[in-house]
> 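Quick one: the structure is below, questions incoming.
For this chain, numbers begin at 1 and follow the sequence in order.
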Amino acid sequence: MFRPARIAVSALVLLFLWWLGSQFYADYIFPSVPSVWSAFTSAVSRGVWVEMVGDTLLHTLSAAGVILLIGLPLGIVIGRSRIAEDLSRVWLVFLQTVPTVVLIAIALIFIGANTTAVVTVTVASGLTYFMLSVVQGTRAIDRDLVEMAKAYHAGESVIMRAVLLPAVVPYVLAGARIMLGVAWQVTLFAEYLVGSAGVGFQISSAIKLLDTSGVFMWGLSIVAFTLLFEYGMFRPVEAYLTRHTRRS
């Protein structure tokens, strides 16, 4: 069985289990597939779905871009320097362990209830996961390769481009996957509490109205985009960047 067929079978099994579960509960507790689809078509026809999903995508991708821009070079530096590791350890532990709700409270106090607060909280929550992956990838690099490059009088920029970056690609991709998953969740939670426009705010409104179909619909919209990013972006990029490892 080809991979697309296996993926399709997995999705159909999930839909079947959803349909089966909805037979045992009232629609306001466990909504059926048609109810959720009706909520989706209604949101699309009113223009709400495109607007709210667009806001959440803007928040999430803006935060992911900042994390990649900051986390990649800092992760490599920390992975190569014990001094940098010692100076950054407390900050990394703090960002990794501080509850998201505390970060949101701090953002509300110092930034306010706006898009900037949502993006800031998402960056603070997702940065550590990505950086630690890059740090581990940098430490896993064969030191002999670096020493050989230095023996040929290669500068730091050449070592970074020709040795370090290709070696940490798998770790960057793994860290980016984890980071994006965290970014989706934190963005929705921040929108939920901050009240900023987006899917999180719509979920909050649906909960208050006891609109379970709406809650399912907005949540599944994010799941759909996550799958789209996985199979439409991460898999092709991973296949391209790691193509040399599959050559005989």
> How many angstroms lie between atom CZ of Phe225 and atom CG of Leu220, to the nearest 0.5 angstrom?
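The distance works out to 12.5 Å.
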> Return yes if some donor-acceptor pair links the side-chain N/O of Ser38 with the main-chain N/O of Pro34 below 3.5 Å, else return no.
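Not confirmed, Ser38 side chain does not pair with Pro34 backbone.
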> Within the 4.5 Å heavy-atom criterion, are Trp18 and Leu14 side-chain neighbours or not?
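A side-chain contact under 4.5 Å is absent here.
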> Within the side chain of Glu191, is there an N or O that forms a donor-acceptor pair under 3.5 Å with the backbone of Val199?
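Flag set: sc Glu191 to bb Val199 pair under 3.5 Å.
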> Is Met217 close to Trp49 at the side-chain level, that is, under 4.5 Å between some pair of heavy atoms?
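Heavy-atom side-chain distance check passes, below 4.5 Å.
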> Less than 6.0 Å separating the ring centroids of Phe24 and Phe30?
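No, ring centres 6.0 Å or more apart.
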> Can you give me the closest heavy-atom contact between Val134 and Ile76, atom names plus distance?
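So the minimum-distance heavy-atom pair works out to CG1-N, 3.7 Å.
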> Does Asp211 reach the side chain of Tyr28, with side-chain heavy atoms less than 4.5 Å apart?
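Asp211 vs Tyr28: side chains apart.
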> According to a hydrophobic-cluster definition based on side-chain heavy atoms being under 4.5 Å apart (Ile, Leu, Val, Met, Phe, Trp, Tyr only), do Ile109 and Tyr192 belong together?
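Yes, it is one cluster - the side chains of Ile109 and Tyr192 are joined through contacts under 4.5 Å.
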> Could you tell me whether Glu51 and Arg46 make a salt bridge, using a distance below 4.0 angstrom between a side-chain N and a carboxylate O?
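So Glu51 does not pair with Arg46 through a salt bridge.
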> If you take all heavy atoms of Ser88 and Ile78, which pair is closest and at what distance?
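Distance-wise, the nearest heavy atoms are OG-CD1, 3.4 Å.
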> Are Val33 and Phe16 co-members of a hydrophobic cluster defined by side-chain heavy atoms under 4.5 Å apart?
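Same cluster.
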> Around atom CD1 of Ile83, are there more than 12 heavy atoms from other residues, nucleotides or ligands closer than 6.0 Å?
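For Ile83, atom CD1 is not crowded (no more than 12 foreign heavy atoms under 6.0 Å).
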> Report yes or no: do Val102 and Val194 belong to one cluster of Ile/Leu/Val/Met/Phe/Trp/Tyr joined by side chain heavy-atom distances under 4.5 Å?
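They do share one cluster, since a chain of ILVMFWY contacts under 4.5 Å joins Val102 to Val194.
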> Decide whether Ser35 and Ser32 meet the rule of one side-chain donor and one side-chain acceptor closer than 3.5 Å.
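Per modelled atom types, Ser35 and Ser32 side chains form a pair under 3.5 Å.
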> The test is side chain to side chain contact (heavy atoms under 4.5 Å, CB included); show your working for Ser125 and Leu103 and say whether it passes.
CA-CA 8 Å; Ser125 297; Leu103 292 175; 3.5 Å; yes
> Return the CZ to CZ distance between Arg82 and Arg89, rounded to the nearest 0.5 Å.
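If I round to the nearest 0.5 Å, the distance is 9.5 Å.
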> Quick check: is Val186 connected to Leu58 through a chain of hydrophobic side chains (ILVMFWY, heavy atoms under 4.5 Å apart)?
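The answer is no; the residues belong to distinct hydrophobic clusters.
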> Which distance, rounded to the nearest 0.5 Å, do you find between the CG of Leu127 and the CG of Leu92?
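The CG atom of Leu92 is 7.5 Å from CG of Leu127, to the nearest 0.5 Å.
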> Please assess Ser62 against Val66 for the test side chain to side chain contact (heavy atoms under 4.5 Å, CB included), listing each intermediate value before the final yes or no.
CA-CA 6 Å; Ser62 296; Val66 173; 5.7 Å; no
> Taking the side chain as everything from C-beta on, heavy atoms only, tell me whether Trp218 gets closer than 4.5 Å to Val53.
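A side-chain contact exists here, since the closest heavy-atom pair is under 4.5 Å.
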> When rounded to the nearest 0.5 angstrom, what distance separates CG in Leu57 from CD1 in Ile222?
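Those atoms lie 6.5 Å apart.
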> Just so I know, are the side chains of Gln202 and Val48 near enough to count as touching, which here means a heavy-atom distance under 4.5 Å?
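Side chain of Gln202 against side chain of Val48, heavy atoms only: contact under 4.5 Å found.
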> Give a yes or no on whether Phe201 atom CZ has more than 12 heavy-atom contacts from other residues, nucleotides or ligands under 6.0 Å away.
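Open.
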> Are Trp37 and Trp19 connected into the same hydrophobic cluster when the rule is that any two of I, L, V, M, F, W, Y join if their side-chain heavy atoms are below 4.5 Å apart?
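Linked, Trp19 and Trp37 end up in one cluster.
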> CG of Leu87 to OG of Ser81: how many Å apart, nearest 0.5 Å?
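Output value for this atom pair is 8.0 Å.
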> Show the nearest heavy-atom pair for residues Phe130 and Val172, with the distance to one decimal.
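Shortest heavy-atom separation between Phe130 and Val172 comes out as CE1-O, 3.6 Å.
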> Go through it in stages, so that I can follow the logic: the residues are Met52 and Asp55, the test is side chain to side chain contact (heavy atoms under 4.5 Å, CB included), and I'd like the CA-CA distance, side-chain angles, deciding distance and then a yes or no.
CA-CA 5 Å; Met52 293 298 103; Asp55 287 333; 3.7 Å; yes
> Is there a side chain to side chain contact (heavy atoms under 4.5 Å, CB included) between Ser213 and Asp27? Walk through the geometry before answering.
CA-CA 8 Å; Ser213 297; Asp27 213 46; 4.2 Å; yes
> Quick check: closest heavy atoms across Ile111 and Ala117, and the distance to 0.1 Å?
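Minimum heavy-atom separation between Ile111 and Ala117: CG2-N, 3.8 Å.
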> Give me the atom names and distance for the closest heavy-atom approach of Ala63 to Thr122.
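The pair with the smallest heavy-atom distance is CB-CG2, 3.4 Å.
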> Nearest 0.5 angstrom please: Phe189 CZ to Ser204 OG, how far?
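Answer rounded to 0.5 Å: 11.0 Å.
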> Is any side-chain heavy atom of Leu61 closer than 4.5 Å to a side-chain heavy atom of Phe229?
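Side-chain contact under 4.5 Å: yes.
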> Are Phe94 and Trp91 an aromatic pair, judged by ring center distance below 6.0 Å?
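Ring centres of Phe94 and Trp91 not closer than 6.0 Å.
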> Mind checking whether His59 and Ser196 have side chains closer than 4.5 Å, heavy atoms only?
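In short, these two side chains touch, coming nearer than 4.5 Å.
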> Is there a side-chain contact between Val77 and Pro73 (heavy atoms, below 4.5 Å)?
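No. Closest side-chain heavy atoms not under 4.5 Å.
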> Show the nearest heavy-atom pair for residues Pro31 and Thr212, with the distance to one decimal.
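Scanning both residues completely, I find the closest heavy atoms to be CD-CG2, 3.5 Å.
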